[in-house]
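Okay, structure first, notes after.
Note that the structure is a prediction, hence the values are computed from the model and not measured. Here is how names work: the chains are called A, B, and so on, in the same order as the sequence lines, proteins then strands, and each is numbered from 1.
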2 protein chains.
Amino acid sequence: MSPRPDRPHIGQVAQLAGVSATTVSHALNGRRPVSEATRRRIMEAIDQLGYRPNVVARGLRAGRTMTIGLVIPDITNPFYPLLARGLQDVLGPAGYDEIITNTNGDRELERIALDKMISRQVDAVAFAVFDTHAADLQPVIDAGIPAVRLGGRQAQPGVDLLHTDDEGAAAEATGYLIERGYRRIGFLSGPAAHGPAAERIMGYQAALRAAGLKADPNLVAQTEFSREGGAEAMTRLLKLRDRPQAVFCANDMMAIGALDVARQRGLEVPGQLAVMGFDDIEAASLVSPQLTTMANPAREIGRACARLLLDRVSGAESGPGREIVIPARLIRRESA
Amino acid sequence: MSPRPDRPHIGQVAQLAGVSATTVSHALNGRRPVSEATRRRIMEAIDQLGYRPNVVARGLRAGRTMTIGLVIPDITNPFYPLLARGLQDVLGPAGYDEIITNTNGDRELERIALDKMISRQVDAVAFAVFDTHAADLQPVIDAGIPAVRLGGRQAQPGVDLLHTDDEGAAAEATGYLIERGYRRIGFLSGPAAHGPAAERIMGYQAALRAAGLKADPNLVAQTEFSREGGAEAMTRLLKLRDRPQAVFCANDMMAIGALDVARQRGLEVPGQLAVMGFDDIEAASLVSPQLTTMANPAREIGRACARLLLDRVSGAESGPGREIVIPARLIRRESA
DNA sequence: ATGAAAGCGCTAACAC
DNA sequence: GTGTTAGCGCTTTCAT
């Protein structure tokens, strides 16, 4: 029934080499000694036939597929390619491949994607979804699949958590602005319900307090995570009688929107208005003035995630759900 | 030996529903009729046990894994996430998942990646690698796996080819500049040996000829595919006694480099120097002035690729290796 | 150092 | 409409 031109299988190799399939298997996997002569004959047979072990059969038999699943909202969002690459940096050399699924942040699609990962018998799952309800993950946990959540908040028993140090990063950015002499510092936040908004506000306020500055609530503007959102919020803040000398933005696109407004009003950056972003997307160094920002270490997160996964896959089964926090890095450029 | 907390399998569902595994299988796959009552009992059993079919076992048995492999240089290069997403747009609804491997353009890694795709029994492969030697693909073809090559040049028997219409796009861009009144039009090309350089030069020259303009070879500058490369080449062209009024660049990063030089020399864009790019990366609309460019339809290519793959997977086995060309789209913005 | 045989979970003949 | 049986390609006892 197999509709493919029958590829050589282990039995053919065995036959050609004059040994049993068992011995071929062991020659390949090194789980028990095989005489040098036999091994050589086997290798020759493999070359001659162009044999490649069937990973699917191996996966069925062994109960591990050497595959890990990555569930993300959208690979097109520049954060995720870096994340995926970081994972592969570590997973690839360890012999694992990744299956990537995009969910658009849609809960039903997330549920389906996670289900599919179970069906596919992946050895571990990493998923990056802000709003995932814990219940949606339960099947994965029940299936005994190690899971790492990227960037959410509440940890869940059996699920490791990995995220950027949003609070610390916001504090560092704000501190940097203070250090440069700015006193009235605004914050362009994303929608409160989404992502790491709360942590960043906390960091921002903490830095202000630490410097003996008061945190004026009027200086915090909530808006969308987009260029237009940033422009809109910046416009609002500039209308204040006591307007900010500097703004820290929850992401680079918003910061670019703020820059748009500054240019349009003829405000000199950073002279009359300093702007900081968050993420360090490629565009940050492309705009003029180049954006001072906090680098969201996506690739590093991917690597750390892979290490965690590898750890869980090989032994560290239980454990109470670790939480790992990756620091962001200040990138000094021109806008602040 | 299976180290996972044994997940329910089809036999357990069958037992709980009081039928045979066969019937459960058919209830799930609809390949033969199952009575309504039986089906209901089966579905209840499935729910109760939290059963999910084991795709690995299914793959082994059926000879198809519902997986396709994507081999690319680097998911971090903004072209490829779009490509991957385009593939998933079409493949996802058809029930396929993607395994993505990055090769950094390294030939040995490419060979290994392709090998692994065979081992994993993927149902089809898409690979985007300029320099792949045909021999490296032969094993894939021999294994009977449909393959699509993205963006290379010479077609190969058994391998479909899919790429942007580089020549047409270059002609359209050049034509657009001519139409806007520019007469001395330069071309910032990538390294001759790499990628679609030749095609683009041909399109550029063809458009010039079609307008009765002569193609001055001094106006073609070869350089790297980077911002710095673009700046360097632009600088060279501006040193000409008879310098160009407009330049078409082989990619957006180069065009941004050209823009840098223009700003630095105080040249008004597009008044004193018009600039066009290629690709329409996100940054193109972020720089100032916004870049007029040709949109390289990565996502559309991904979708077309998926359709081709699906076609090959289900029947259209042989065929002499098709070639599909996707047009680029002119994006009018401010720089030309 | 090597083999024989069982079985991972599923689907597809071939019954009835 | 449903069940029995064999087998996909591999690894792993259990033998020798």
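When the side-chain nitrogen and oxygen atoms of A/Arg58 are compared with OP1 and OP2 of D/dT11, one or more of them lie within a distance under 4.0 Å. In this model, the phosphate group of D/dT11 is not approached by any side-chain N or O of A/Arg31 to a distance below 4.0 Å at OP1 or OP2. The phosphate of D/dT11 (OP1 or OP2) has a side-chain N or O of A/Asn29 nearer than 4.0 angstrom.
Residues A/Arg85 and A/Tyr80 bring no donor and acceptor atom of their side chains to less than 3.5 Å of each other. If you check the side chains of B/Thr38 and B/Ser35, you find a donor sitting under 3.5 Å from an acceptor. For the residue pair A/Thr67/A/Asp97, the side-chain donor-acceptor check at 3.5 Å is not satisfied.
Taking only side-chain atoms of A/Ile10, from C-beta outward, the nucleotide of D/dC8, D/dT11, C/dT11 with the closest atom is D/dT11.
The distance between atom CD1 of B/Ile42 and atom C1' of D/dT2, rounded to the nearest whole Å, is 10 Å. Here the C1' atom of nucleotide D/dC10 and the CD atom of B/Gln121 are 11 Å apart, to the nearest Å. In this structure, A/Leu28 atom CG and D/dT12 atom P are separated by 12 Å, rounded to whole Å. Spacing between atom CD1 of A/Ile118 and atom P of C/dG9 amounts to 16 Å, rounded to whole angstrom units. Atom CE in B/Met66 sits roughly 12 Å away from atom P in C/dT11 (whole-Å rounding). Note: CZ (B/Arg64) to C1' (C/dC10) measures 15 Å, nearest angstrom. Atom NE2 of A/His9 is separated from atom P of D/dG9 by 6 Å (rounded to the nearest Å). Distance CD (B/Glu36) to C1' (D/dG1): 13 Å, rounded to an integer number of Å.
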Between the protein and nucleotides 1-3 of chain C, which nitrogen or oxygen pairs are less than 3.5 angstrom apart?
| from | atom 1 | to | atom 2 | distance (Å) |
| --- | --- | --- | --- | --- |
| C/dT2 | OP1 | A/Ser35 | OG | 3.2 |
| C/dT2 | OP1 | A/Thr38 | OG1 | 2.5 |
| C/dT2 | OP2 | A/Ser35 | N | 2.8 |
| C/dT2 | O4 | A/Arg32 | NH1 | 3.1 |
| C/dG3 | OP2 | A/Ser20 | N | 2.8 |
| C/dG3 | OP2 | A/Ser20 | OG | 3.0 |
| C/dG3 | OP2 | A/Thr23 | OG1 | 2.7 |
| C/dG3 | N7 | A/Arg32 | NH2 | 2.9 |
| C/dG3 | O6 | A/Arg32 | NH1 | 2.6 |

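In this structure, the side chains of B/Leu87 and B/Leu70 come closer than 4.5 Å at one or more pairs of heavy atoms. Side-chain contact between A/Val56 and B/Arg120 is absent, with no heavy-atom pair separated by less than 4.5 Å.
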**Item:** Worked check of side chain to side chain contact (heavy atoms under 4.5 Å, CB included) between B/Arg307 and B/Arg303
**Value:** CA-CA 6 Å; B/Arg307 276 181 236 114; B/Arg303 292 205 181 108; 3.4 Å; yes
**Request:** Evaluate the side chain to side chain contact (heavy atoms under 4.5 Å, CB included) criterion for residues B/Val313 and B/Arg64: first the C-alpha distance (whole Å), next the side-chain angles of each, then the deciding distance (0.1 Å), finally the verdict.
**Result:** CA-CA 10 Å; B/Val313 164; B/Arg64 44 200 325 254; 3.5 Å; yes
